[in-house]
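Report on the following structure.
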Amino acid sequence: MTHVRVRIAPSPTGPLHIGTARTALFNYLYARHTGGTFVLRLEDTDVARSSEAFERDILDGLHGLGLTWDEGPAVAGLDERGPYGPYRQMARLPLYAEAAERLLAADLAYPCYCTPQELETERRRQKAAMEPPRYAGTCAPLTREQRAARAAEGRPAALRFRVPPGTVAFDDIVRGHVEIDTAALGGDFVLVRADGTPLYHFTVVVDDAAMDITHVIRGEDHLSNTPKHILLFRALGHEVPAFAHLPLILNPDRTKMSKRKSQTAVDDYVAQGFIREALVNYLALLGWSTGTEEEILPLDEIVARFDLSAVNRAGAVFDRDRLEWLNGQWIRRLDPDDLAERLLPFLEAEAVVGAIDRIPALDEVRAIIPLVQERLPVLGAIGDLVGFLFVAEPPLDPALVIPKRWDGATTVSGLAAARDAIESNGQVAFDAEGLEATLRALAAAHDWKAGDLFMAIRVAVTGRTATPPLFETLVALGYERTLARLARACDLVRSASPT
RNA sequence: GCCCCCAUCGUCUAGAGGCCUAGGACGCCACCCUUUCAAGGUGGAGAUCACCGGUUCGAAUCCGGUUGGGGGUACCA
């Protein structure tokens with residue numbers, strides 16, 4: 001068996017897309033599962049739309065997900081790795097020129113002098129006549145003399161590939177046998193623009209051939225293009241790699257996932273606090289499953305079980321709710337110290353937007369992990385959950401402080417009594433067990449339902465009706481602040497509900 | 001239009017001729033637990049396996065057709 005070589009070939013024309021991440025993941029999984037090599041190649045020939053910022057974003061994003069490559073280009077801070085470089089297409093221009101030269105010399109390709117306007121006119125005519133759009137082959141039969149004449153006129157030439165008649169067949173690893181008549185390919189297609197820059201279908205094949213790629217694993221949107229690629233591999237005299245076309249990730253309306261209809265940037269998910277373990281796990285399960293009922297799987301486990309031929313054929317709608325659930329599962333499985341560290345940037349972000357007044361120290365965050373770990377669907381929810389700990393005074397709606405079964409007067413006396421009880425208990429006994437005992441006793445003594453008292457205190461001290469467990473929360477708040485907030489809420493309710 | 005691909009609960013999926021009166025998960029609804037919120041537990045609603053024909057003793061599973069959906073069809077990637 002030959003050594004597996006697969007690649008992900010993103011185009012740096014936008015931030016890392018969920019679809020690209022998924023394709024990268026499946027290539028990575030296949031490479032790691034088979035002990036093969038995972039190559040990263042930048043397809044940056046669309047100079048107008050490519051940028052270095054996007055390059056960084058894509059490579060950082062992939063790394064952030066834990067998808068490391070064995071061979072890849074140099075980007076800021078990273079050296080080029082691998083013996084098949086360079087790994088960015090703009091640095092491979094001479095290779096394409098050489099390949100173009102070979103095809104031209106063998107008459108497998110020919111110069112085309114048609115202008116964009118002429119092509120456009122023809123396309124319009126075909127459309128009007130209800131014919132399938134295809135290149136008419138105007139320049140295909142040109143003799144050497146005719147070509148020279150056109151060149152002498154100063155007409156620039158694109159290079160077109162001569163599409164041979166017949167049918168191209170291949171056995172797709174996920175889709176099975178596929179057969180396409182080359183007549184359906186739209187005629188002889190362009191390899192190199194008139195300005196000399198090579199086009200995607202050409203570069204991808206030249207590079208996959210040069211880099212000895214053995215398995216092309218990519219989105220189903222490339223299935224129809226595959227015959228063109230196979231024809232080119234043959235023309236270049238290279239062995240045709242195996243193909244595996246992955247089902248598309250879909251918008252809720254079942255069209256190909258797009259920026260317009262879905263959140264597609266991996267960055268955005270990360271910024272909201274989706275963690276890499278969950279993202280990778282979720283993406284792996286879009287189109288693949290273990291065949292068992294296990295769903296929560298770490299990357300190495302997925303690698304061990306991955307099977308390309310078990311990949312689904314139907315497209316999969318991206319379900320954010322399910323991702324959130326999985327994210328919560330993974331957050332709960334995180335080591336507490338690790339979680340604390342991952343939370344810090346989100347608290348910093350809260351401070352930046354002014355949602356909290358200060359950034360807690362790491363130890364402080366560690367201390368509250370037990371309160372938040374099983375209450376975070378995403379890391380970004382941390383501010384909402386416990387932001388009240390890190391502000392001077394949380395905003396307080398007096399009406400909210402009064403429990404449903406209580407009135408203002410009861411609330412005032414309840415809060416005052418609680419404050420006094422806690423204070424007389426002293427700072428030494430200020431722990432969760434002590435607080436619970438004290439406050440339960442207090443409720444019993446006044447014939448209040450403990451839940452009502454607790455709710456009044458909860459809102460008084462946090463400003464919210466939904467919080468982590470009360471006593472632990474009070475402890476996190478601290479003795480002094482607990483007393484102060486109780487007193488403040490007491491005053492607020494008293495003045496808001498005159499008796 | 002033409003070419004290609006696809007089709008099991010709303011969503012992600014299990015299922016590779018009898019184990020299926022179709023299993024799991026998310027979401028939804030109830031109940032339990034409970035100081036709120038989560039988490040967890042239990043239960044429920046939810047799929048005539050797109051449709052029609054065939055093959056077979058037997059089909060979600062195989063074959064053909066229909067319908068529906070998607071993708072491709074550039075001097076974009």
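Quantities reported herein were computed from a predicted structural model and do not represent experimental measurements.
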* **A/Pro468 vs A/Val190, nearer the 5' end of RNA chain B by closest nucleotide** => A/Pro468
* Most 5' of A/Leu185 and A/Ala450 on RNA chain B, judged by nearest nucleotide ->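 Result: A/Ala450.
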Regarding [X] and [Y], does a basic nitrogen lie under 4.0 Å from an acidic carboxylate oxygen?
X	Y	value
A/Arg342	A/Glu277	yes
A/Arg124	A/Glu120	yes
A/Arg305	A/Glu294	yes
A/Glu220	A/Arg313	no
A/Glu118	A/Arg155	yes

* To do: Give me the residues of residues 114-126 of chain A where at least one heavy atom lies under 4.0 Å from an atom of RNA chain B, by number, or none.
  => A/Cys114, A/Leu119, A/Arg123
Classify the nucleic acid contact of [X] as base, sugar-phosphate or nothing, counting any heavy atom under 4.0 Å across all strands shown.
X	result
A/Thr465	base
A/Phe471	base
A/Ala466	base
A/His245	nothing
A/Arg464	nothing
A/Thr467	base
A/Glu324	nothing
A/Thr45	sugar-phosphate

For [X] and [Y], test the side chains for any donor-to-acceptor distance below 3.5 angstrom and give the result as yes or no.
X	Y	result
A/Asp188	A/Tyr110	yes
A/Gln329	A/Glu295	no
A/Tyr96	A/Asp207	yes

Just how far, in rounded Å, is [atom2] of [N] from [atom1] of [X]?
X	N	atom1	atom2	value
A/Arg134	B/rG1	CZ	C1'	14 Å
A/Met257	B/rG70	CE	P	17 Å
A/Arg218	B/rG71	CZ	P	17 Å
A/His229	B/rU73	NE2	C1'	13 Å
A/Asp188	B/rC75	CG	C1'	14 Å
A/Tyr135	B/rU73	OH	C1'	17 Å
A/Asp181	B/rC3	CG	C1'	9 Å
A/His222	B/rC5	NE2	C1'	15 Å

* Consider the side chain of A/Thr255, meaning its heavy atoms from C-beta on, and name the nucleotide among B/rC76, B/rC6, B/rG71 that approaches it most closely. => B/rG71
* To do: Please determine, for the side chain of A/Ile180, which listed nucleotide (B/rC4, B/rA38, B/rU36) has the closest atom?
  =>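 Of all the options, the side chain of A/Ile180 is nearest to B/rC4.
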Using atom [atom1] of each nucleotide, how far apart are [N] and [M] to the nearest Å?
N	M	atom1	value
B/rA30	B/rU73	P	49 Å
B/rA60	B/rU48	P	13 Å
B/rG41	B/rC26	P	9 Å
B/rC9	B/rC76	C1'	39 Å
B/rG68	B/rC63	P	23 Å
B/rG54	B/rA45	C1'	36 Å
B/rU13	B/rC75	C1'	43 Å
B/rA59	B/rA22	C1'	13 Å

If pairing requires Watson-Crick or G-U wobble contacts with both distances under 3.5 Å, which nucleotide is the partner of [N]?
N	answer
B/rC3	B/rG71
B/rC62	B/rG54
B/rC33	none
B/rG10	B/rC26

* Nucleotide by nucleotide, 5' to 3', does protein get under 4.0 Å of the base (B), only the sugar-phosphate (S), or neither (-) in nucleotides 10-26 of chain B, counting heavy atoms? -> -BBSS--------SBBS
Taking only the side-chain nitrogens and oxygens of [X], find out if one of them lies under 4.0 Å from OP1 or OP2 of [N].
X	N	result
A/Lys256	B/rG72	yes
A/Arg458	B/rU36	no
A/Arg160	B/rC75	yes
A/Arg193	B/rA77	yes

* Can a donor-acceptor pair under 3.5 Å be found between the side-chain atoms of A/Arg375 and the base atoms of B/rC37? ->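 By the distance-only test, yes, there is a pair.
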* A/Ser224 (side chain) and B/rG71 (base): donor-acceptor pair under 3.5 Å -> yes
* **Minimum heavy-atom distance between A/Ala21 and A/Val266, given as atom pair plus value** =>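 In terms of heavy atoms, the two residues are closest at CB-CG2, 3.9 Å.
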* To do: Over all heavy atoms of both residues, which pair between A/Ile58 and A/Ser11 is shortest? Give the atoms and the distance, please.
  =>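 For A/Ile58 and A/Ser11, the tightest heavy-atom pair comes out as CD1-O, 3.9 Å.
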* Asked: Quick one: are the ring centres of A/Phe26 and A/His215 less than 6.0 Å apart?
  ->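 Between A/His215 and A/Phe26, which both carry aromatic rings, the centre distance is not below 6.0 Å.
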* Asked: Given the side-chain rings of A/Phe170 and A/Phe233, with only the six-membered ring counted for Trp, is the space between their centroids under 6.0 Å?
  -> no
* Give me the ring orientation class for A/His201 and A/His229: parallel if the planes are under 30° apart, tilted from 30 to 60°, perpendicular past 60°. => tilted
